[in-house]
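Below is one structure, written out as structure tokens; comments come after it.
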Amino acid sequence: GGQLVDGNLVQVGGRAVGQVDDIALTESAQAEVTISVDEPLQASKALASLSPRRRRTIGRAMILASRVSLPRSRRTGRAALLEGLGHAAVGDRDGAASILRRVADDPGTPDATRVEIGRLLLQAHDIEGAQTVLERMAAQEGDRNASRHALQARVDLALARYPEAV
């Protein structure tokens, strides 16, 4: 077993996905742990490798952790990605897709995060959602960057493999 220490890596299914930011003790003598997830796509893949029971347990914890940060209406960026991954882990694919699309629609979301969202949507077989992310990115910025080009290639490949998906 390992110890829970500030700065330690957070691993899911043996894959590093973030780090422990803070550990505190609540008034009711419960541990309150703050983590950051740096690699949502890796976290999603790692969650998929767990047993259904463990995946649901971790998914519920991810949802709760994201809700502590901000109210739903203001939750964007990494906190929303964490919540979206949690919903996917507990089997709520529609809830996860809704959250991911909301974050992608937010004008303050950086392109790198939008690309991650597109890849997560593709991983959930939501090709139409990934296309929508690409369209919004193109509308906001006329030129294409390398990450967006790679996402477009993945969407094109998914459409070639699963033409009935759209």
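What you see is a predicted model, and the numbers here were worked out from it, not measured in a lab. Along the sequence shown, residues carry numbers from 1.
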Provide the closest heavy-atom pair for V115 versus R148 in the form atom of the first, atom of the second, distance. CG2-N, 4.0 Å
Atom CG in L151, atom CG in L122: separation rounded to 0.5 Å? 6.0 Å
T113 side chain to T109 backbone, donor-acceptor under 3.5 Å: no
side-chain contact (heavy atoms from CB on, under 4.5 Å) partners for A97, two or more places apart: L121, D126
Is there side-chain contact between V133 and R101, with heavy atoms separated by less than 4.5 Å? no
What closest approach, in Å, do I117 and L100 show between heavy atoms, and which atom pair accounts for it? CG2-O, 3.5 Å
Quick one: are I99 and R102 in side-chain contact, heavy atoms under 4.5 Å? yes
Closest contact, heavy atoms only, A88 versus A96: N-CB, 3.7 Å
Could you check whether any side-chain N or O of R114 sits under 3.5 Å from a backbone N or O of A104, counting only pairs where one atom can act as donor and the other as acceptor? yes
V155 and A130: which non-hydrogen atoms are nearest, and at how many Å? CG2-CB, 3.8 Å
I'd like to check the side-chain contact (heavy atoms from CB on, under 4.5 Å) partners of D92; sequence neighbours left out, ordered by chain and number. H87, V90, D94
Are Y162 and L157 grouped together when hydrophobic residues (ILVMFWY) are joined by side-chain heavy atoms under 4.5 angstrom apart? no
For a 4.5 angstrom cut-off between non-hydrogen side-chain atoms, does L85 reach L120? yes
Value rounded to 0.5 Å, distance of CD in Q123 from CZ in R154: 9.5 Å
Starting at CD of E83, measure out to OG of S98 and round the result to the nearest 0.5 Å. 9.0 Å
